[in-house]
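Remember, predicted model here, so these are calculated numbers, not experimental data.
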Amino acid sequence: MKKFNTKRLMIALIVGIVVLNIISPVQEMFDFWFNAYSGLPDEMVVAKSIGFWTVQMFLFLVVFQVIFPMLIYVILSEIAVKKSNIFIGVIFGVCCFFVGSLPQLIYFPLLINVSINFVLVRGFWSLINLVIVGGIIGGIYKPVVLKEKSRIEEEGSAI
């Protein structure tokens, strides 16, 4: 069974959560500055208490923007790539954006009449979040490298 570098995995998880929770209020400020919610029907904007909203956003950030991409990255880096660095993590984050977020951003305005500001701000921050998480995971997580014995070492140990 393949072993994972759990110590670095947990460090990357904690750093990813902390960084995304620090930039989350900045994302909300951009929504306000660029009037991202203007033109949305009142039924679309969910009014919640600040405590419930904070818990919900934290869970969303942790599960969908840190844990899921991190698990996929770790599996790919252990099985396919066999190495990890910030550049590979950023490329992974961009790929997550193209596969996960961009199709939703293109499809959403086809279903509901939303302003272009909403789509652009959401797309921009989705890309930023995934690139940051990818870079953090790629920079911190290092795959477990198992040392393979050469044929000479195997013959020497048999003697």
Side-chain angles (χ1 to χ4, degrees), residues 4-143:
F4 296 104
N5 193 343
T6 54
K7 181 180 174 184
R8 286 192 173 259
L9 182 65
M10 294 309 293
I11 292 170
L13 176 69
I14 291 168
V15 171
I17 290 170
V18 169
V19 169
L20 280 185
N21 279 295
I22 289 171
I23 65 171
S24 181
V26 176
Q27 179 177 348
E28 294 303 316
M29 286 189 296
F30 267 75
D31 288 346
F32 178 73
W33 291 335
F34 290 100
N35 294 324
Y37 294 111
S38 67
L40 283 178
D42 291 337
E43 297 82 28
M44 292 289 299
V45 180
V46 180
K48 301 177 186 169
S49 67
I50 191 70
F52 183 71
W53 178 83
T54 305
V55 169
Q56 192 175 21
M57 286 304 293
F58 178 77
L59 290 176
F60 170 75
L61 285 173
V62 170
V63 173
F64 293 109
Q65 292 192 353
V66 179
I67 293 178
F68 284 167
M70 181 179 294
L71 292 176
I72 293 168
Y73 181 84
V74 166
I75 291 169
L76 288 175
S77 69
E78 292 285 350
I79 294 172
V81 181
K82 305 280 189 202
K83 63 181 178 177
S84 175
N85 60 38
I86 293 174
F87 183 68
I88 293 172
V90 168
I91 290 173
F92 175 76
V94 171
C95 290
C96 284
F97 172 76
F98 283 126
V99 172
S101 298
L102 190 61
Q104 292 176 7
L105 291 168
I106 292 171
Y107 188 63
F108 191 66
L110 299 175
L111 297 175
I112 300 168
N113 187 17
V114 295
S115 68
I116 192 70
N117 289 352
F118 179 81
V119 175
L120 292 177
V121 170
R122 290 284 126 204
F124 172 77
W125 279 103
S126 179
L127 178 63
I128 294 297
N129 288 343
L130 289 168
V131 165
I132 287 173
V133 169
I136 288 170
I137 296 167
I140 294 175
Y141 185 78
K142 301 298 177 209

Check residues 132-141 and write down every donor-acceptor pair under 3.5 Å in which the side-chain atom is one partner and the other belongs to a residue at least two apart or another chain.
residue	atom	partner	partner atom	Å
Y141	OH	N5	N	3.3
Y141	OH	E78	OE2	2.4

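- Taking all atoms of both residues into account, the shortest heavy-atom contact from R8 to K142 is CD-N, 3.8 Å.
- Within the model, atoms OG of S77 and CG of N85 stand 10.5 Å from one another, a figure rounded to the nearest 0.5 Å.
- The distance from atom CG of L130 to atom CH2 of W125, rounded to the nearest 0.5 Å, is 12.5 Å.
- Here CE of M10 is found 8.5 Å from CE of M70. Values are rounded to the nearest 0.5 Å.
- Residue-environment remark: CZ (F124) exceeds the threshold of 12 foreign heavy atoms within 6.0 Å.
- Every residue two or more places apart in sequence or in another chain that forms a side chain to side chain contact (heavy atoms under 4.5 Å, CB included) with I72 is listed here: L76, F92.
- Distance check, rounded to the nearest 0.5 Å: CG of L102 to SG of C96 gives 13.0 Å.
- Using cut-offs of 30° and 60° on the angle between ring planes, the pair F118 and F108 is tilted.
- Between atom CD1 of residue I128 and atom CZ of residue F97 there is a gap of 9.5 Å, rounded to the nearest 0.5 Å.
- Between P109 and V119, the shortest heavy-atom distance links the atoms CG-CG2, 3.5 Å.
- Of the inter-residue distances, the one linking N129 atom CG with L20 atom CG reads 5.0 Å to the nearest 0.5 angstrom.
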